[in-house]
A.B. asks: 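I am attaching a structure below and will ask some questions about it afterwards.
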Amino acid sequence: MSESRKRSMIWTHFNYIDNLKAECKVCKYKISYRAGSTNNLHRHLRTVHRSVSMEKRPEEPDTKEGVRSSPATIAAAPAAVASCSTPPQSEFLWTIQATWHLVNARLDMEPAFDQPVCKKKKLWETVAEKVNAKLRESEVNDVTVKSYECDLKWRNMLSTYRKNSERAKRLGEASVHWEFFKVMHSVLGKSREEIEAQRRARLSGTRVGQAIASKRFTPILPTPPATVVPSAARPPQDVLQLYMELQERKMNMWAQQKALEERKIEAINNLAQAISSLAQKNGTQAPKDDH
């Protein structure tokens with residue numbers, strides 16, 4: 001660890017791991033940073049631990065302008081370090097009960113988090129509301145959990161889950177004694193192939209699945225380029241004429257691209273009409289079945 005890094009006040013609240021990672025003393029979250037730059041560490045304190053104030057490292061005497069710390073200040077240094085390492089009272093302390101509420105709420109919303117386009121901040125706010133509602137039902141009204149605290153706790157739990165998952169692959173699930181592993185593994189342990197197979201299995205017995213399976217779609221292929229007939233060498237032409245020929249080639253390319261897009265739109269419209277006709281057919285057959 002370099003001398004400049006030792007003198008930085010930010011290291012009062014972080015444990016040095018290596019030149020790429022540091023661990024927060026408050027939430028034990030590992031943060032990556034570039035050697036010589038502590039911007040990520042400062043940002044973590046500003047956004048997550050707003051109640052933690054930046055103080056000068058108590059174990060170092062103040063030698064600025066020849067002024068040294070008094071013996072009483074140096075004697076009080078270990079107590080100040082201990083107070084910085086303990087989380088402030090405003091931070092939410094995760095109990096086993098609150099952690100179970102977080103796991104159940106987060107796993108219930110796994111399909112929403114698995115969407116390719118979703119607003120994670122809104123989803124985590126919903127998770128925090130569910131956890132707080134469960135805590136109020138358990139008559140715990142003095143503390144509330146925030147969305148970013150749920151996010152940080154879940155990331156730490158995911159890291160522990162991955163380690164136990166690798167252990168389960170090597171030694172079997174009986175070797176894992178983490179109490180949250182079975183519940184998380186039942187949802188997070190499914191591979192993409194298993195999820196796709198379950199989706200196809202649900203659609204296989206329905207009329208929509210049969211229609212999709214029996215429907216044959218013609219692939220949209222691009223227009224083959226016109227064969228260029230080699231011509232004999234011609235004498236140099238005027239620059240304006242060459243420019244006009246180039247523009248004409250560009251216009252032909254744009255026309256081909258426009259025709260391709262029109263074919264795509266036509267294929268999409270045909271698919272929408274087929275789905276709507278199938279829905280109307282199902283709607284007309286339902287009253288007949290009731291009679």
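Below, all heavy atoms of this structure are taken into account, side chains as well, without hydrogens, waters or symmetry copies.
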A.B. asks: To the nearest 0.5 angstrom, please state how far the NZ atom of K130 sits from the CG atom of L102.
C.D. replies: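 So the NZ of K130 and the CG of L102 are separated by 11.5 Å.
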
A.B. asks: To the nearest 0.5 Å, tell me how far E266 CD sits from I268 CD1.
C.D. replies: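 Reported to 0.5 Å precision, the distance equals 11.0 Å.
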
A.B. asks: Of all heavy-atom pairs between H101 and L135, which one has the smallest distance, and what is that distance?
C.D. replies: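 Of all heavy-atom pairs spanning H101 and L135, the closest is CD2-CD2, 3.9 Å.
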
A.B. asks: Which pair of non-hydrogen atoms, one from A112 and one from L123, has the smallest distance, and what is that distance?
C.D. replies: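 Distance-wise, the nearest heavy atoms are O-CD1, 3.8 Å.
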
A.B. asks: Which heavy atom of S175 sits nearest a heavy atom of R167, and at what distance?
C.D. replies: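 Taking S175 first and R167 second, the nearest heavy atoms are O-NE, 3.1 Å.
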
A.B. asks: Would you confirm whether K25, through its side chain, and T12, through its main-chain N or O, come within 3.5 Å as a donor-acceptor pair?
C.D. replies: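 Between the backbone of T12 and the side chain of K25 there is a qualifying donor-acceptor contact (under 3.5 Å).
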
A.B. asks: Rounded to the nearest 0.5 Å, how far apart are CZ of R46 and CG of N39?
C.D. replies: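 Answer for the CZ-CG pair, R46 versus N39, is 8.0 Å.
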
A.B. asks: Should Q256 and L260 count as side-chain neighbours, where that means a heavy-atom distance under 4.5 Å?
C.D. replies: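 No; the side chains remain at least 4.5 Å from each other.
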
A.B. asks: Answer with yes or no whether the hydrophobic clustering places V26 together with I17; edges join I, L, V, M, F, W, Y residues whose side-chain heavy atoms lie under 4.5 Å apart.
C.D. replies: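 Hydrophobic grouping puts V26 apart from I17.
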
A.B. asks: Could you go through the side-chain contact (heavy atoms from CB on, under 4.5 Å) check for F14 and I31 one step at a time?
C.D. replies: CA-CA 9 Å; F14 289 89; I31 302 171; 3.6 Å; yes

A.B. asks: For R155, does its backbone N or O pair with a side-chain atom of S159 as donor and acceptor, under 3.5 Å?
C.D. replies: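 Flag not set: sc S159 to bb R155 has no pair under 3.5 Å.
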
A.B. asks: Please test E262 against K258 for side-chain contact (heavy atoms from CB on, under 4.5 Å), starting from the C-alpha separation and ending with a verdict.
C.D. replies: CA-CA 6 Å; E262 290 178 353; K258 181 180 178 181; 3.5 Å; yes

A.B. asks: With sequence neighbours left out, write down each residue that passes side chain to side chain donor-acceptor pair (under 3.5 Å) with R43, or none if nothing qualifies.
C.D. replies: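 So R43 forms a side chain to side chain donor-acceptor pair (under 3.5 Å) with N40.
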
A.B. asks: Roughly how far, to the nearest 0.5 Å, is the NZ atom of K146 from the CG atom of L152?
C.D. replies: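 It is 12.5 Å, given to the nearest 0.5 Å.
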
A.B. asks: For the pair F180 and W178, name the ring-plane relationship: parallel under 30°, tilted 30 to 60°, perpendicular over 60°.
C.D. replies: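 Aromatic pair F180/W178 classed perpendicular.
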
A.B. asks: If you count the non-hydrogen atoms of other residues, nucleotides and ligands that lie under 6.0 Å from CD in Q257, is the total more than 12?
C.D. replies: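 Not more than 12 within 6.0 Å, no.
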
A.B. asks: Any chain of hydrophobic side-chain contacts (each under 4.5 Å) joining F181 to L171?
C.D. replies: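 Per the 4.5 Å side-chain linkage, F181 and L171 are not co-clustered.
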
A.B. asks: Is it true that, when you exclude E139 itself, more than 12 heavy atoms of the residues, nucleotides or ligands shown sit nearer than 6.0 Å to its CD?
C.D. replies: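 It does not: E139 CD has 12 such atoms or fewer within range.
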
A.B. asks: Run N132 and E129 through side-chain contact (heavy atoms from CB on, under 4.5 Å) and show every step you take.
C.D. replies: CA-CA 5 Å; N132 290 326; E129 292 176 358; 5.7 Å; no

A.B. asks: Consider only side-chain heavy atoms of I, L, V, M, F, W and Y, link residues closer than 4.5 Å, and tell whether M244 and M251 are in one cluster.
C.D. replies: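 No, M244 does not connect to M251 through the hydrophobic network.
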
A.B. asks: Within the 4.5 Å heavy-atom criterion, are E245 and L242 side-chain neighbours or not?
C.D. replies: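 Yes, their side chains come closer than 4.5 Å.
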
A.B. asks: Checking D151 side chain against S147 main chain: does a donor-acceptor pair fall under 3.5 Å?
C.D. replies: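 Not confirmed, D151 side chain does not pair with S147 backbone.
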
A.B. asks: Can you hop from V127 to I96 via hydrophobic side chains spaced under 4.5 Å?
C.D. replies: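 Looking at the clustering, I96 is in the same group as V127.
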
A.B. asks: For S276 and Q273, which heavy atoms make the closest approach, and how far apart are they?
C.D. replies: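 That closest heavy-atom pairing would be OG-O, 2.8 Å.
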
A.B. asks: Where do T126 and M109 land on the side-chain contact (heavy atoms from CB on, under 4.5 Å) test, with the steps shown first?
C.D. replies: CA-CA 9 Å; T126 306; M109 297 184 62; 4.0 Å; yes

A.B. asks: Report the distance from atom CG of N104 to atom OG1 of T99, rounding to the nearest 0.5 Å.
C.D. replies: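 Taking CG in N104 and OG1 in T99, the distance rounds to 11.0 Å.
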
A.B. asks: Minimum heavy-atom separation for L20 and D18, please, with both atom names.
C.D. replies: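 For L20 versus D18, the nearest heavy atoms are N-OD1, 2.9 Å.
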
A.B. asks: Taking D114 for its side chain and E110 for its backbone only, find out whether a donor-acceptor pair lies under 3.5 Å.
C.D. replies: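 Not confirmed, D114 side chain does not pair with E110 backbone.
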
A.B. asks: Indicate, with yes or no, if the rings of W154 and Y161 have centres closer together than 6.0 Å.
C.D. replies: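 They do not qualify: ring centres at least 6.0 Å apart.
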
A.B. asks: When rounded to the nearest 0.5 angstrom, what distance separates CH2 in W124 from CZ in R106?
C.D. replies: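 The CH2 atom of W124 sits 5.0 Å away from the CZ atom of R106.
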
A.B. asks: Testing the basics here: between L41 and A22, what is the closest heavy-atom pair and its distance to 0.1 Å?
C.D. replies: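 For L41 and A22, the tightest heavy-atom pair comes out as CD2-CB, 4.1 Å.
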
A.B. asks: Test: salt bridge (Lys or Arg N to Asp or Glu O under 4.0 Å). Region: residues 169-182. Which pairs qualify, not counting sequence neighbours?
C.D. replies: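 Residue pairs with at least one partner in residues 169-182: there are none.
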
